[in-house]
2 protein chains.
Amino acid sequence: MSGPRFEPVRTVRAYERIVEQIEEAVESGSLQPGERLPSERELMAQFAVSRSTVREALRVLQARGLVRSRPGDPHGAEVLPFSPAALHKSMTTLARVDELSLGELVQFRMVLDASANLLAARLRTDEELAEMAAAIERMRAAVAGSYDEFSAADVAFHDAVAGASRNKLIQICTDVVRSIVLDLIAEKIAAAADREALMRQTIRHHEEVLAAIRAGEGLLAARLSRQSMYDYYVGYVPEEERPALRTLLE
Amino acid sequence: MSGPRFEPVRTVRAYERIVEQIEEAVESGSLQPGERLPSERELMAQFAVSRSTVREALRVLQARGLVRSRPGDPHGAEVLPFSPAALHKSMTTLARVDELSLGELVQFRMVLDASANLLAARLRTDEELAEMAAAIERMRAAVAGSYDEFSAADVAFHDAVAGASRNKLIQICTDVVRSIVLDLIAEKIAAAADREALMRQTIRHHEEVLAAIRAGEGLLAARLSRQSMYDYYVGYVPEEERPALRTLLE
DNA sequence: ATTCATTTGTCCGTATGTATA
DNA sequence: GTATACATACGGACAAATGAA
């Protein structure tokens, strides 16, 4: 009935084939982080292309966070360990061009953070519990100090919880979205009049969450963390977006 | 006490400044999707750089999914609407180089999909309910047909739910992670002996989920969707990773 | 501490196939 | 169908930067 299925051929550019080959080598592990690529002149010999083509490929690989090249380095471009920078970049772009609202971002964080708490309550080790407690202690010490210290300690607490969830994807995504949210409202937070009250409330919330995690009460920890995040950010979310956030609180 | 805080200066390359400027124009909306960039020769005049530098910048912008250029196009590079392709790429890289396990990916989907169901149960319109019902109908019709049709209809159902959640970030992330998971186990699914039984079970589950969404029972819909996804994928997840998945089922 | 060979960043010119008017 | 402008790819060149002798 029907003949052979021909696929549309796209003209694949020379630099893309170079990107594919090096990408494959990095992702398959045959090129480890810390190892070096051959120099550009050597690459143009191996791939039988001009230097411009090699360089375009290297720029793409650099944009994807796989390699880094420095001028004059005789060892060639360096293979980098994975970093969520590229993920961060594309999510930031999404937030800007697609006009991702602050409400959506906070809602996303509420979902992921609550899940991390749920999992952490069941999977955490004693060391991780101690890490969380230490972070809260740092927060308490920073109330009188700079907001940056407080924020760093707060991040450390969330990171400890995410780590205890044993799910790297949850950990990375919460991290990325958190920094985007903080970028969006950094100046508003700095100007907040009741900042110290908000900090004390956050500490109280975190203590409750930690108690629930310690007791293995996953559902409770999840609910408390959602409430905590809601209380912390609701002041910056436009009125009309708040009902969607409250949907997650029941 | 301490002097002025100097920041480390990094030598910023010429092509990066071009990337930054065009990126800013796209993300701020002053360059809309569909609009064209000036030709490379014009860009080298405007930025006062060489052709190679312009091209390296365009390669980076293309890798980030912001523009596309075709040989011979007299209109210059085209500004593209946002696509999650770059997000997809970096998550795929993460999954490969950081050895993200199938269990972690499925767990992540369980979390996001459940949240989408929870939100959809409270926010859905009648049109969206009809869309979900239509997707289930397509699944039922495809049981006897090809697996590809069934899978496409299944995707349509999940997408309708995600859309009804009113959260673009949840929608995009579920979409990205789903395709990564399916890539990982595509061949195993194709070889599954009890595929038809699994398909019928999936349809039953989706009907239950839809009923819960229709009734506005968000927590029930979330729980059912987690169970459904667990049942669908558990066979492909290594034994030692299953307890972590079951943690989400209670 | 300095020199020196090598590498990257950037520039210029040219040839070729392609898409639009 | 032709002409024009375009992107792709090539090769050669020089300055700044790096690491090693």
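Just so you know, these numbers come straight off a predicted model, no measurement behind them. Lettering follows sequence order; numbering is per chain, from 1.
Among the heavy atoms of the strands lying under 4.0 Å from A:Glu40 are primed sugar atoms or P, OP1, OP2 only; no base atom is included. Nucleic acid contact class of A:Arg68 (heavy atoms, under 4.0 Å, all strands): none. Within the nucleic acid shown, B:Arg36 has no heavy atom closer than 4.0 Å to any nucleic acid atom.
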Please tabulate the protein-to-nucleotide N/O contacts below 3.5 Å involving nucleotides 18-21 of chain D, giving atom names and distances.
{"unit_1": "D:dG19", "atom_1": "OP1", "unit_2": "A:Arg70", "atom_2": "NH2", "d": "3.1"}

Show me the protein contacts with nucleotides 11-13 of chain D, counting only N or O atoms at under 3.5 Å.
none

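Residue B:Arg13 contributes atom CZ, which lies 16 Å from atom P of D:dA16 at whole-angstrom precision. Remark: P of D:dA7 and OH of A:Tyr15 are 14 Å apart, rounded to the nearest angstrom. Here the P atom of nucleotide D:dA9 and the CD atom of B:Glu56 are 14 Å apart, to the nearest Å. Note: CD (B:Glu42) to P (D:dA7) measures 10 Å, nearest angstrom.
A:Arg68 is linked by a salt bridge (Lys or Arg N to Asp or Glu O under 4.0 Å) to A:Glu78, counting only residues two or more places apart in sequence or in another chain. Applying the side-chain hydrogen bond (donor to acceptor under 3.5 Å, both in side chains) test to A:Ser151 and every residue at least two apart in sequence or in another chain returns nothing. In this view, B:Arg41 satisfies the side-chain hydrogen bond (donor to acceptor under 3.5 Å, both in side chains) rule with no residue, not counting sequence neighbours. With sequence neighbours left out, the salt bridge (Lys or Arg N to Asp or Glu O under 4.0 Å) criterion links A:Arg64 to A:Glu23. Partners of A:Glu241 according to the salt bridge (Lys or Arg N to Asp or Glu O under 4.0 Å) rule, which considers only residues two or more places apart in sequence or in another chain, do not exist here. Partners of A:Glu24 under the side-chain hydrogen bond (donor to acceptor under 3.5 Å, both in side chains) rule, at least two apart in sequence or in another chain, are B:Arg96. In this view, B:Glu56 and A:Arg55, A:Arg59 satisfy the salt bridge (Lys or Arg N to Asp or Glu O under 4.0 Å) rule, not counting sequence neighbours.
Screening residues 35-83 of chain A for ring-ring contact (aromatic ring centres under 6.0 Å, His included) gives no qualifying pairs among residues at least two apart or on separate chains. Counting only residues at least two apart or on different chains, the ring-ring contact (aromatic ring centres under 6.0 Å, His included) pairs with a member in residues 143-163 of chain A are A:Phe157-A:His206, A:His158-A:His206.
Protein chain B contacts DNA chain C from C:dG9 to C:dA21, reading 5' to 3' and using non-hydrogen atoms of the protein with a distance under 4.0 Å.
Scanning all heavy atoms of the two residues, the minimum distance from A:Ala14 to A:Thr53 falls at CB-CG2, 3.8 Å.
A close approach under 4.0 Å does occur between a side-chain nitrogen or oxygen of B:Ser39 and OP1 or OP2 of D:dC6.
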* Go through the steps for A:Thr93 and B:Glu27 under the test side chain to side chain donor-acceptor pair (under 3.5 Å), then give the verdict. => CA-CA 7 Å; A:Thr93 303; B:Glu27 293 182 359; 3.1 Å; yes

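With a cut-off of 3.5 Å on both pairing distances, the Watson-Crick or G-U wobble partner of C:dA5 is D:dT18.
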